[in-house]
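Below: one structure, written as structure tokens.
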Number of protein chains: 2
Amino acid sequence: MAIPRAAKTLRRTRIQEEKEEQILEAALDVFSARGFRGSTIDQIAEVAGMSKPNLLYYFRTKEAMHRALIDRVLYTWLEPLRAFDAEGNPEEEIRSYIRRKLEMARDFPRESRLFANEVLQGAPHIEDELKGPLKQLVDEKAEVIRAWAKSGKIVECDPYHLIFSIWSTTQHYADFDVQVRAVLGQEHSGEGRFEDAARFLEQLFIGGLRPELG
Amino acid sequence: MAIPRAAKTLRRTRIQEEKEEQILEAALDVFSARGFRGSTIDQIAEVAGMSKPNLLYYFRTKEAMHRALIDRVLYTWLEPLRAFDAEGNPEEEIRSYIRRKLEMARDFPRESRLFANEVLQGAPHIEDELKGPLKQLVDEKAEVIRAWAKSGKIVECDPYHLIFSIWSTTQHYADFDVQVRAVLGQEHSGEGRFEDAARFLEQLFIGGLRPELG
DNA sequence: CGGATATTTGACCGATTGGTAAACATTACA
DNA sequence: TGTAATGTTTACCAATCGGTCAAATATCCG
């Protein structure tokens, strides 16, 4: 008698890896565009090019699909913040953090929207990750920033809200892409908007907006 | 024979106004928390304390409900940007724009999330509003900012991305509230976080983050 | 009052939802 | 090659979806 669910087997076959990959790729497409509740298994199945029961052979439920996707993407998503280096030059660290986050908004907008959808709707599936690993990581990096300020390397400021502001400004270009493009108009909606954004954000976070005194 | 839909009558009765108000209030609750596709008429009906067919007596479809809600909220939502005054003191105008947007994130988070959900999922119902009235308004205010820069009152910067960064940083506290609270921890999740945010954002946008020389 | 109009509801509809059962097809491997 | 395990599909299920209908009820106004 066959073991009913592939997920329960210990060894993963080549087919399992390929199909699960295929499914998660499709799930990212759908979940990021419509949110968890707004997505249907049929839609994911269609994008993945497989039948619905076939999806459910690899992931027992819609929730399991979503969870596997979140788990897979979360680690990568936090990579830029993890790379934030206490030993580095503060200005350069902040600059490159912004640059990397903006690159991710440009190159991985679906991942950004996946989390945005989830958090926006109360984070029912990732509350633990937010309060646990995420908070720990941010606490750690906030302490780094605070130390920089203490030693006068950067100006004194609230490190948590600094991080929030970098998150929000950069991810805005992924999460609110349609709005950004609508406002910029067709002529400025090429990929050049990311370079403009990078220039502006560097000016904002590094250079400051106040006009230099005479 | 009764005119089948209240919406078709010319004169609106007291009951119509009250009930429509009641329904839109409930719809704001549900749509902002779950997005259009994730929401059901039954949920709205339950929150509104009425039966489902009764909702559909006032709004023929789920879409009509959503549209009426959007129409009602959009004008108010853009009020702070509209108040942006070309004749005012630039620094003070930007400062008070940020303050007002942050107050709206604090006092009207549902409205913020309503639009966030919509835009995040591709703005299928408000594309026209984005490309029309919103773009026009932003174009107009961007011109004001550009003029300020030209005359040396503020530093030269991209006005569109400046506006985007103010939107994103302030609305972040409404749209990503659960994440903000999770990261700040229970002890910093009181309403005081908005004052901290206000202080930080003023520092960022007005004061600049670079340490003052000598 | 009384009748016209406006409002409300329970029962119901077809379509779609997440998920299952079991027959069928394919693969891996001794 | 044979067979057991893995993979796939068709047909189906109960629950829920957006929405309709007719009958019942409440309100307005002469």
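Each chain gets a letter, A, B and so on, in the order the sequences are listed, and its residues count up from 1.
Interface remark: the B/K52 side chain does form a donor-acceptor pair with the D/dG18 base, using a distance-only criterion of under 3.5 Å.
Distance CD (B/Q43) to P (D/dA15): 18 Å, rounded to an integer number of Å. Protein atom OH of A/Y57 is 12 Å distant from nucleotide atom C1' of C/dA25, rounded to whole Å. For the pair B/N54 CG and D/dA23 C1', the interatomic distance rounds to 15 Å; values are reported in whole Å. B/R34 has its CZ atom 13 Å from the C1' atom of D/dT16, to the nearest Å. In this structure, B/L55 atom CG and D/dT20 atom P are separated by 13 Å, rounded to whole Å. Atom-to-atom, NZ of B/K19 to P of C/dT9 comes out at 7 Å; the value is rounded to the nearest Å. Between the CG atom of B/L56 and the P atom of C/dT8 there is a distance of 13 Å, rounded to whole Å.
Judged purely by distance below 3.5 Å, without hydrogens or angles, the side chains of B/Q43 and B/D29 never pair a donor atom with an acceptor atom.
For B/A64 against B/T61, the heavy-atom pair with the smallest separation is N-OG1, 3.0 Å. Between A/S39 and A/K62, the shortest heavy-atom contact is O-NZ, 2.7 Å.
For the pair A/R67 and A/F59, the cation-pi test (distance below 6.0 Å, angle within 45°) is failed.
Closest contact between the side chain of B/K62 and the listed nucleotides D/dG19, C/dA21, C/dT7 involves D/dG19. In the set D/dT20, C/dT8, C/dG18, the nucleotide with an atom closest to the side chain of A/T40 is C/dG18. Ranking C/dT9, C/dT20, C/dG19 by closeness to the B/P53 side chain, first place goes to C/dT9.
Base contact: B/S51 has a heavy atom under 4.0 Å from a base atom.
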